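Worth saying up front: this structure is predicted, and the values here are computed from it rather than measured. Hydrogens, waters and symmetry mates are skipped; everything else that's a heavy atom, side chains included, is used. Naming convention: chains lettered A, B, ... in sequence-line order (proteins, then strands); numbering from 1 in each chain.
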Protein chains: 2
Amino acid sequence: MNQPHEPVRAELVAVAVGVLDGAPRVLTTSASQLQLPAGPLREDHRSMQAGLRAWVEEKTGLRLGYVEQLYTFADRDRAGSERTISVSYLGLTWMERGDLDQWVSWYDLFPWEDQRDDGVLRRALEPHLRAWAQAEDAERRVVRCRVTFGLDGIDWHPELALQRYEVLYEAGLVPESPDWRKALPPQIVGPWMVHDHRRIVATAMGRLRAKIQYRPVVFELMPPEFTLGQLQACVEAIAGQHVHKQNFRRIVEQQHLVEETGGTTSETGGRPARLFRFRREILDERAAGGTKLPRTR
Amino acid sequence: MNQPHEPVRAELVAVAVGVLDGAPRVLTTSASQLQLPAGPLREDHRSMQAGLRAWVEEKTGLRLGYVEQLYTFADRDRAGSERTISVSYLGLTWMERGDLDQWVSWYDLFPWEDQRDDGVLRRALEPHLRAWAQAEDAERRVVRCRVTFGLDGIDWHPELALQRYEVLYEAGLVPESPDWRKALPPQIVGPWMVHDHRRIVATAMGRLRAKIQYRPVVFELMPPEFTLGQLQACVEAIAGQHVHKQNFRRIVEQQHLVEETGGTTSETGGRPARLFRFRREILDERAAGGTKLPRTR
DNA sequence: CCCCTTATGCTTGTCTTGAGCATATGATTT
DNA sequence: AAATCATATGCTCAAGACAAGCATAAGGGG
């Protein structure tokens, strides 16, 4: 029953996300090419998570806080070589100013994902999508584009990031597609990344956008004290959508996710805002819900 | 930067689930010990999913339909040996009568998870949980038990199956705990399974229970034609909870998840019920929602 | 002092959801 | 044949969640 296992290589890959200046950003290892922090699972790693943290710290100096497993890919690299299994993780961290060069905005990677100013980007993409949809197997393709990209008045679902990427990949519009001759310029479809790292980032984006709605994970991206305005800005950055301010406040407050610190700040301009902190106890107290998105259209 | 990878062993593990007679069941490989179908990733497998399907078919004869990745574990087996990476998958299938011996009810594995008759089982467990909570670090432990097991009037959340298992594991109440001296009899805490297979099943249960609420996956467990009553029974089996019949029907119908076949059946006893089939198109048409659980208390 | 900006409080109408009443229609029992 | 049981199906109602918007508050900069 158990023939000997063929050995494989195990790789740990991190999508470390922080939010700064209205854009979520992904940590890359500084190199000529865009690539995620990664490294092999080693004998001395106590667990995969521990190994992942170690690699990220070694390669970028960042100590991750929140970490969760994303997905595991198996790639047959070059013919003949061992197979590599990549276990990817999503990590969240609070960003302060500085060292922006290692941090790539995920809207630079996926320009169409920011619906806060869909204008140019989506307009530039939509015709190509329609062309692809018409080319072959039209019925299915049209429906698929409509649903994933929210065309023709259908709702845009932020959490479908991976599915959108996959459409573009199949359509040959992104540079890493197998048939990349029709690939569009990076301002529209974003830059190339090593291996399948862009797919992994898209996976992370989808997961985070979904999770933010039913688990209080935004707070892992926030400083210890923050205003509700800043919290909202962070959620909007992640979701790539605007939310209704007053309703957002209502939800956050009535769920008792935060408590006032007593302080205020006027850094935000306008009327000074009260400062809040995350009530971390809530993680035990309840199967606490997340931050629904009261949409604004 | 790239020291040579230390080789590891990659194992594929399947949690194949079907529903029969009001209980979800998990496929095991017939042996003296309870264990899940599993096998190493092989060179000739085109992908991990393909490999998984192949193993399940080889070991049990079952052809899986729907498959999704669950979680990846890394275990250091025995000291000195290579590390094993287990990539686990959830598979759903439609069960007909027969061959029940290979299929273990997940309420035999986790008796406390069936809240449709929580009576005896939970009563038998609760005192031990409270004892554990009091023993040490009481404040945290009490809250944790309350939340995960829904004690003291807090809502029971079906999808917290894994968290509940982990509490029992830490409390030493299940036979596979490192300190198993306090373990309770199998009628209360279920039987032992090979390796960490029971943890994997608990993961699958949590995932499926969560997913059923926001994606139409129940239908993967149903025959081509079914009555709404049967569909409801299937959902209740998965969730381990009763749902409100009329509201359940309302949700399913208004989401256009199903269409009438025109036929009826009186197999269910009582007034004959109309037959429906799943509108599979909906999987493309919308980011279709699942089957929320209109609770009944 | 006026205006700009963001913060914060509150109202209103709509939609969703939980809960239950009432009736329909077959099989089974009396 | 009538009563009874069991499930199916249709419909109503009230409470709560949610989208949207109005109005006021309180800083800073001209």
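- Of the residues in residues 245-252 of chain A, A/Gln246, A/Asn247, A/Arg250 come within less than 4.0 Å of DNA chain D through at least one heavy atom, sorted by number.
- The distance between atom CG of A/Leu228 and atom C1' of D/dA25, rounded to the nearest whole Å, is 16 Å.
- The base of D/dA20 is paired with the side chain of A/His244 by a donor and an acceptor separated by under 3.5 Å.
- The side chain to side chain donor-acceptor pair (under 3.5 Å) test applied to A/Glu166 returns A/Arg199, not counting sequence neighbours.
- One can place CG of A/Leu231 at 12 Å from P of C/dA7, the figure rounded to the nearest angstrom.
- For A/Arg25, there are no salt bridge (charged side-chain N to carboxylate O under 4.0 Å, His left out) partners two or more places apart in sequence or in a different chain.
- Sorted by first then second residue, the salt bridge (charged side-chain N to carboxylate O under 4.0 Å, His left out) pairs that include residues 141-152 of chain B, not counting sequence neighbours, are B/Arg130-B/Asp152, B/Arg144-B/Glu170, B/Arg146-B/Asp152.
- Taking the side chain to side chain donor-acceptor pair (under 3.5 Å) definition, one finds that B/Gln69 meets it with B/Tyr89, sequence neighbours left out.
- A straight line from CD of B/Gln254 to C1' of C/dC15 spans 10 Å, rounded to a whole angstrom.
- As rounded to whole Å, 15 Å separates atom C1' of D/dA6 from atom CD of B/Gln230.
- Residues satisfying the side chain to side chain donor-acceptor pair (under 3.5 Å) criterion with A/Arg249, sequence neighbours excluded, are absent altogether.
- In this structure, A/Arg164 forms a cation-pi arrangement with A/Trp156, its terminal cationic atom sitting closer than 6.0 Å to the ring centre and no more than 45° off the ring axis.
- The side chain to side chain donor-acceptor pair (under 3.5 Å) search around A/Asp101 returns none, not counting sequence neighbours.
- The salt bridge (charged side-chain N to carboxylate O under 4.0 Å, His left out) test applied to A/Arg250 returns no partner, not counting sequence neighbours.
- To the nearest angstrom, P of C/dT5 lies 17 Å from CD of A/Gln232.
- Residues from residues 259-275 of chain B placing a heavy atom under 4.0 Å of any atom in DNA chain D, listed by number, are B/Thr268, B/Gly269, B/Gly270, B/Arg271, B/Pro272, B/Ala273, B/Arg274.
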